[in-house]
Amino acid sequence: GWWHRPLMRALLAAAMVGASLARTVIVPEGAQTIFSSKVLMPDMTIAPAAVTISGSQIASVTRCESPPSGAIDLRELGDRLLTPAFVNAHTHLPMACMRGIEGCAQAMSGDVVVDLFFKIEALMTPEDVRAFTRMGAYESLLSGVGLVWEHYYHGQAIAEALRDTGLAGVVATTLQDVAGPGVPWLEAALADTASIARDETMRDHGIFAALGPHATDTVSDDLWRRILDVAHDLGGLPLHLHVGQSVAEFEAVASRTEGHTPMSLLADLGVLASELPLLLVHAQYATRDDLDKLDPERHTMCTCPYSHVLFSFPSLVPDWHKRGLPIACGTDAAASNDCMNVQKELRLLAGYNSFATTHSTSNAFFLAMRGAEEARDAAVARAHELHNHRQDMHEQPVTVALREPGNLLRSVLDTPGRMHPHFTAGAIEEGALANLLVWDLEHPNLWPSNDPISALVMCDAVPAIDAMMVAGRWIGKEPEATAVDFRRALTTSVGYRRDRQEADERLACLLERADVRIVGAAGI
């Protein structure tokens, strides 16, 4: 299945971090140690352990039944659950500024990217992007997201905004040379990518680079080849790209290449065979033949469930799973989802296959009944046929695997967290980024908390977060530092209020330049 690759790596890592019950830990100078009786391990088991943090990384994980000796700076969590922070595999953080703007709902019935987003994005300055990114970053942190795979213009401004707020991320500066707002910024975008990739200070904050080709209809063949060279030169950076995301992209590629699909064009250009990690996002317009060209060892698929339902239509995730392709989950842009809570996406992903029943011939047959005129037995038979279709879809092996809680949780933890060659996230193991969540299992949203892994997938879990660490730094507050939870500590901080005011002012100016208004603004 699609989880096997990260699972095998996680099992190897678990063996390396040590299953010893020893109660003494060797602590690097300046490090801190966190002990909990409930720590989510890379193999999706929960065990008591001491986790030592040094700088931005986890220095060691020691299984032990009680707080260890040898720890100078020790935080005891008791029975509170310690897990990795979530990884959001596809974001456009600055696009939070487009929530509720006039014309957004209407444009979503067409090509919202070209009809609306490009228009506004062309007018954004790097300072605008930095301000808007900070707001998307704050929302992400409040949703328990410790690291984002971000794809947007003005990459240096994005990286600086992540550092400003404390959110970790992989910044893929959007690259375009055929169409889109990024065409005049191409050389600057490539320079930003190289700068972020080489910046040790950014790495210390959990901020890394990827190459960000926008899509197959906005990037030329020559630029694709150049991107591959740059990625190799910068240490094998991943490529983070949209592929097969719209009928406009599909038609443009087919017309320009005399018959290629977006995915087959990538194969023809050598992108799929490049040995680089690829994060392939959306892929609604990818055929089964396209999917057969992909390699589970290097290619990770990304679905954004709520964005797809609202903005397009769901990707054929079961077909991805059948081919053993790793599956990561993202939120996409706030403007097409209105939420950066990637944990919430898992509930919709768990039920993806049931959508088929709504549009099945069995349902069409049932809906065609004529009420009281239909013979009772015939009507009941049609109802049973509809129910049986749902049961068949629900019980397919691929459906069972897709909704298994551990597999779903991996799509927002170590599947996207192990893609980059320069770091690991989404796992509590030696060498991984110290991105951690502390959960209050007494919170009513997790009650009765006898199966924490299922709760983290199926419950509205985020309100139960008690504390958060990103790249070795506590966000808002340390555990038990005050009676105020970390969300309130963050949103009442001087930095948040300052950043919110700047974002409000810049958004008003941007919308005035674009001649666009917020829906309902006149009545406020």
Aromatic plane relationship, Tyr285 with Phe313 - under 30° parallel, 30 to 60° tilted, over 60° perpendicular: perpendicular
Any donor-acceptor pair under 3.5 Å linking the side-chain atoms of Thr125 with those of Asp128? yes
Parallel, tilted or perpendicular for His384 and His387, by the 30°/60° rule? perpendicular
Looking only at the side chains, is there a donor atom on one of Thr357 and Ser354 sitting less than 3.5 Å from an acceptor on the other? no
Looking at Arg134, Arg506, Arg130, which one forms a salt bridge (charged side-chain N to carboxylate O under 4.0 Å, His left out) with Asp499? Arg134
Quick one: sort the His308 and His282 rings into parallel, tilted or perpendicular, breaks at 30° and 60°. perpendicular
Taking atom types as modelled and ignoring hydrogens, do the side chains of Asp177 and Ser220 form a donor-acceptor contact shorter than 3.5 angstrom? yes
Aromatic centroids of Phe208 and His422 separated by under 6.0 Å: no
Under a 4.0 Å threshold between the charged nitrogen and the carboxylate oxygen, would Asp222 count as salt-bridged to Arg225? yes
Six-ring centre of Phe365, Arg382 cation under 6.0 angstrom, axis tolerance 45°: yes
Can Glu249 and Thr216 be counted as having a side-chain donor-acceptor contact under 3.5 angstrom? yes
Do Ser315 and Trp320 meet the criterion of a side-chain donor-acceptor pair at a distance under 3.5 Å? no
For a quick check under 3.5 Å, do His151 and His214 share a side-chain donor-acceptor pair by atom type? no
In terms of side-chain geometry, is the basic nitrogen of Arg418 or Glu429 positioned less than 4.0 Å from the acidic oxygen of its partner? yes
Could you tell me if Asp290 and Thr287 have a donor-acceptor pair between their side chains, going purely by distance under 3.5 Å? yes
Does Gln396 have more than 12 heavy atoms from other residues, nucleotides or ligands lying within 6.0 Å of its CD? yes
